[in-house]
Amino acid sequence: MFSKMTRLLWIGIVLVTLLALAACAPAPTPAPTAAPPTAAPKPAATTAPVATAAPQATTAPAPTAAPKAAEPKKLLLGFTASQTGAQQVASKKQIEGLQLWLDDVKKAGGIKLKDGTTYLPEIKFYDDESKTDRVQTLYTKLINEDKADFLLSPYSSTLVKAAAVVSEQNDKVMITAGAADDATMEQGFKKTFQLYTPASRYLTGAADALKKFVPTAKKVAIIYEKDSFSTSVANALQPYAKSIGFEVVLFEGYDTGTTDFAPFINKITAANPDAILGGGHFADGTTFSKQLFEKKVPIQFVAILVAPPEPTFKDIGDAALGIIGPSQWEPQVTFSAESAKAANLPYYGPSNKAFTDAYLAKYKESPSYHSAGGYAQGLVLQKAIEDADSVDPAKIVAALDKMNLMTFYGVIKFSTDAKTHGKQQAHGMVYMQWQKDSAGKLVTQIVWPLEAKSADAVLRK
Amino acid sequence: MKTLSSPFIWIILVVVGGASLLPILTNSVSLREDMFLMLMLVILASSINIIMGYTGYVSFGHIVFFGLGGYLAFFLMKEFQVQFMLAALVGGAGASLIAFFIGIPVLRLRGAYFALATIGINEAFRSFFTNFDLFGGAVGMFFNFSVYDAYGGAKNAGQLAYYAMVVLALVTIGTSFVIKKSKFGLGLMAIREDQDASMVLGIDPARLKVLTYTISAFFPAVAGALFFFKNGLIEPGPAFELHRSIEALVMVMLGGYGTVTGPIVGAVVYERLRGFLITDPTLSNAHLVIAGVLLLLIVLFVTAGVIGWVRQRVPALRRYLE
Amino acid sequence: MNIEALIASSIDGLMLGFVFGLMAMGLTLIFGVMKVINLGHGPFIVMGMFAILVMSQLGINPYLGLVIVVLLGLLTGIVVYFVAVHRVINAPELTTLLATFSVNMILIGALTIIFSTSPRGLDLELPSFRTGAITVLGTRFVAVLVAVGVTIALYSFLYRTRTGKSIRAVANNRGAAELMGINSSWILALSFGIGTLLAMISGGLLATLFSFTVLSGGGLEVKSFVIVVLGGLGNPTGALFGGIIIGLLESITTIFIPVSWVPVFEFVVFVLILLFRPNGLFGAR
Amino acid sequence: MSILAIKDLESGYGELQILWGLSLELQPGRLTSLVGSNGSGKTTLLRAVTGLLKPWKGRITFDGKDVTHLSPHEKAEMGLVLVPEARQLFTDMSVLENLEMGATPKGARAEFKQTLEWVYTLLPRLKERQSQIAGTLSGGEQQMVAIARGLMAKPKVLMFDELSLGLSPLLVINLFEVLVKLKGEGLTMLLVEQNVQMALAVSDYAYVLSNGRLETEGEAKKVREMESVRKAYLGL
């Protein structure tokens, strides 16, 4: 009898333990995973402004801005970041850019509506380890538990795709940066808005540039990493290159994780192209460029994805020379209030110089296009709130649909077509090239489009 | 059936089932997401345990079936609008069939050779799918959101996928238990202890192993189908992620290899621990290091895993902790 | 198809193959001596890469740095052996797999904290020799010399010195070696150290050829498995030939089939060899 | 003074106890044999003495020092060497390399050349075979390599486990002749054998083991005469 009792007791204990393990943790009290987000609102915001006096975000004039309204309301922006894993570096830059925007808004006293309501944005983010399943879990959490008002995106196409699915499922507005995938934006999304130039337009400009810089060029080789993003770029580039009269002598993908390009370069050389277009991500891009250089491949025009705009691309030394890369933004871009006026568009936000200087002052590093994208995420949302004069999601969507303006990051306009809703329409790429300055140091210059160039293109030997 | 009269299986099913109801009772979507992932890991770990814990064959690349099931089902759903549960079952059956044909030659290998072969198989499939344009190649496949309309919208589809995952988890655990307790399972353990001696006992190791491998491929495949259905997109990288496979091994080891409860406890503990480490601001940078150190300590000092350890220490519990 | 490209690629592949062989040699040595599949192999390779990177940033010539890498690798390996492997050396395979996997996690975690996952590269220029379409890259040529040198050194050590012979004795019959007065724990630790230093040297050489990240080890580790199986588990000479075969295979197939199919081909060959020649291409039976 | 003394030794595998309080002593310069039927615990005793198996209780003294808990290689270094059952050669290595490995203890290493010379005169066949891979030798030759390898350690006590197992009678006689020669040179030896007849014929002193306990002991000649031993082991 007694032993039966103990047995039951044991069952009870096991049951309770397992229940506790399996379920309690994530349940009502936001225990483990719900631990507060990392470094988000930096105390820096309350301290004195930085010495270089970062320029105020030129908030659109709010005509009858009631002075000193009530307490500013909180506006929670949620997203995930890759603090670990493959996308760590770019993701960090993106957050830094966003953080800078946040500082600027704080300095301006928040986002003000016409009725005097002020919103003070705060950010909350979790580490997604660069993994899609974590992205989805964490976005669900941001939406349902943290009650994020608006969503921003993680970095990289694959992760953004995963996040967009969740945000669309939950009817949230999300502004994405760091994702250029076309396919993602052709799923019939209603509330997802893309800041990056889509992959399909990533390298088409390079083909145009080739035509201009090397008028004799006839044959091009398109080589690309076999991943989602680079494949989309290449798939769009091939018909375009043909349409403007090039012969594509080689169109071939290489496996993600390819380390050695020597045999592939032999194959490319054998096809005898006048230019190489394509690429993938950083590691393959640098190795490819380096081996191209070492093998003294005499191709005058090489434009590859992602790697060249990274400052560390210059680690490979002279091998970087002459390599062209598409970029969403570069510190030398010439978008300004004047050029906006010329294009008959409104200009919004800080000037390019102001952004670049403030970034350099705060992080002791020049901003990359990831940083600019991060800042632009916030800026676009801010503008949409001001235009909508509300934080109501439906009104924000309407404002974003209507948006057509220029910022330091470039022109922004979203597709309103049902099939491709939210896809970036206006933003264009700039093409930068590694060149040597007068002192013999490697620097980047914008070479295309011609109206935005900071230097003339130099052909490889 | 004698096996079903064991109190253990009912306890464990009730506990897991009960825990799965929590998100529905509390109506918390994010808890549901957490549980969805957790149940998926339980399924992965349990099915690896079926082949590894019972026969001693360390399948490093078991995630290949997760990917295969996911891809097959996704293709059916996308191209032929097959209902998702049917597609998932077909995906599972397809993966099992592939496991059957792979298993016949590969299970002849022993020890390290088998482990290496499973890695090779996973990588071969991953690179194959990267190039296989019918399934989207490197870009993968994605649903148009209208696919979910058939299930009452994307939100509702998530809920349905969750129910399916709960049922799958319970079936996996049940199967794991029945195999362990059956004569079949006994044969497997004999193989684990000494394959050559088991033949003397009249056991046909080759047949038994292939059958087990085929069964153990089914569950991750269905789980993959459900996961990618909810995900809305599938790509070769996340579908055949070797790392996830190794993590599932860690879970089995953590909980206790060769037990039914072990993989469940292992999956829950591992996932909670990781969740805790990566969201804690001070620990998140070091989370890999901390997890590694903990794993090492367990491997070195608690070789039998949590459940194995409890079973050794408290013999009275053995009947309730298979 | 272009005959010149084929020859050029064969030369490139052959040269890279030596480095691959060296890389796999560490893995196969450890397996041969103690029947442990070292899942920490990838991070060891990466440690070699970053050791060279740090030294070149400090102004040390990368090739000179390899000498320091040897010592560093030996030490790391011995420490890792005693911390993580020694206690479970007689346990079933799964246990040692997980023990070395936890080493993998710890090392990758630590390296990520120190270096982040951003890509790095060495700015190293050596002259290359060129005739027609065939270019022999200077870095690659030196890498081959180093790889051959290290292989010769390893073999003289294993066959000419008493300690080396003790390693072979322990690999052959640990119990008997112990009975003959050989301290097998020490020999095992030393072997692990040598396996590690081989991985690190190959990492250092690879760093002179390609750019890399903290996460580069994963792919290279899997490649090492392929090579080791090709050459026969536990057979260092086999590993060298396995490396050369993989190098050639990759480079030659690149000419004939789209490059992205090369890994498919490679892994199918890997599984087939495991199935039909589990002792490697050169092994008995 | 005995050179090796085992006192009240208990040991076994896992939870299974095999040895139940064994005590035996080896006198220097003598050949002692340990006999008993299959499963009586002879090999277990040797494993416990060399340290391959942990002693549970009791004490082992070698050359005046307590060596109970030392590992096999430490004991070998001190001069307590075993020629193991089934030879356990380094089958992938040459005969010469096997012998070199035998000479691992520091003292032996220094005198490697002389010892090798001596071993080759004792077992001349090995000299012819010195560069052959050990695994390719015949069973008898392999046993010779095993003995030679043990001798290369310059042991103070050399123990043999089942020297005659699986060898033809003629070979066995050859090997036992070698033992006699070694005894003549003053080497202390412990011979563990199933072949009781042969063992007792060449030994000075003998222990008889049964079920992990000592059944009897005495001068080899006397043990041979014992009725119980004759019945149980000699089939007379």
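Chain A is the first sequence line, chain B the second, and so forth, proteins listed ahead of strands; every chain is numbered from 1. Being a predicted model, the structure only gives us computed values, none of them experimental. Computation of the quantities below employed the complete heavy-atom set of this structure, encompassing side-chain atoms and omitting hydrogens, waters and symmetry-equivalent molecules.
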[atom2] on [Y] to [atom1] on [X], rounded to 0.5 Å:
| X | Y | atom1 | atom2 | value |
| --- | --- | --- | --- | --- |
| Gln136(A) | Phe227(B) | CD | CZ | 6.0 Å |
| Thr132(A) | Ile234(B) | OG1 | CD1 | 10.0 Å |
| Lys141(A) | Asp34(B) | NZ | CG | 6.5 Å |
| Leu31(B) | Glu145(A) | CG | CD | 7.5 Å |

Residue Lys92(A) excluded, over 12 heavy atoms near NZ under 6.0 Å: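 No, NZ of Lys92(A) has 12 or fewer neighbouring heavy atoms, counting only those of other groups under 6.0 Å.
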Which of Thr184(A), Thr158(A), Asn235(A) touches chain B most, by non-hydrogen pairs under 4.5 Å: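 So the answer, after comparing Thr184(A), Thr158(A), Asn235(A), is Thr158(A).
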Contact winner vs chain B - Lys161(A), Glu168(A), Lys131(A), Glu186(A), heavy-atom pairs under 4.5 Å: Lys161(A)
Under a 4.5 Å heavy-atom cut-off, does chain A meet the side chain of [X], its backbone, both or neither?
| X | answer |
| --- | --- |
| Phe143(B) | backbone |
| Ser28(B) | side chain |
| Arg32(B) | neither |

Worked verdict on Glu271(B) versus Arg134(A) for salt bridge (Lys or Arg N to Asp or Glu O under 4.0 Å): CA-CA 11 Å; Glu271(B) 180 56 20; Arg134(A) 291 222 74 84; 3.4 Å; yes
Test side-chain contact (heavy atoms from CB on, under 4.5 Å) applied to Lys230(B) and Val166(A), step by step: CA-CA 9 Å; Lys230(B) 194 189 69 91; Val166(A) 175; 5.7 Å; no
Pair Glu129(A) + Arg244(B), salt bridge at N-O below 4.0 Å: no
Heavy-atom closest contact (Asp255(A) atom, Thr130(B) atom, distance):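 So the two residues come closest at OD1-CG2, 4.4 Å.
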Heavy-atom closest pair, residues Ala162(A) and Leu233(B): N-CD2, 4.0 Å
Steps toward side-chain contact (heavy atoms from CB on, under 4.5 Å) verdict (Glu33(B), Tyr139(A)): CA-CA 10 Å; Glu33(B) 283 291 309; Tyr139(A) 270 86; over 6 Å; no
Heavy-atom contact with chain B under 4.5 Å, split by part of Asp227(A): backbone
Contact class of Thr137(A) relative to chain B, heavy atoms under 4.5 angstrom: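 For Thr137(A), heavy atoms of backbone and side chain both lie under 4.5 Å from chain B.
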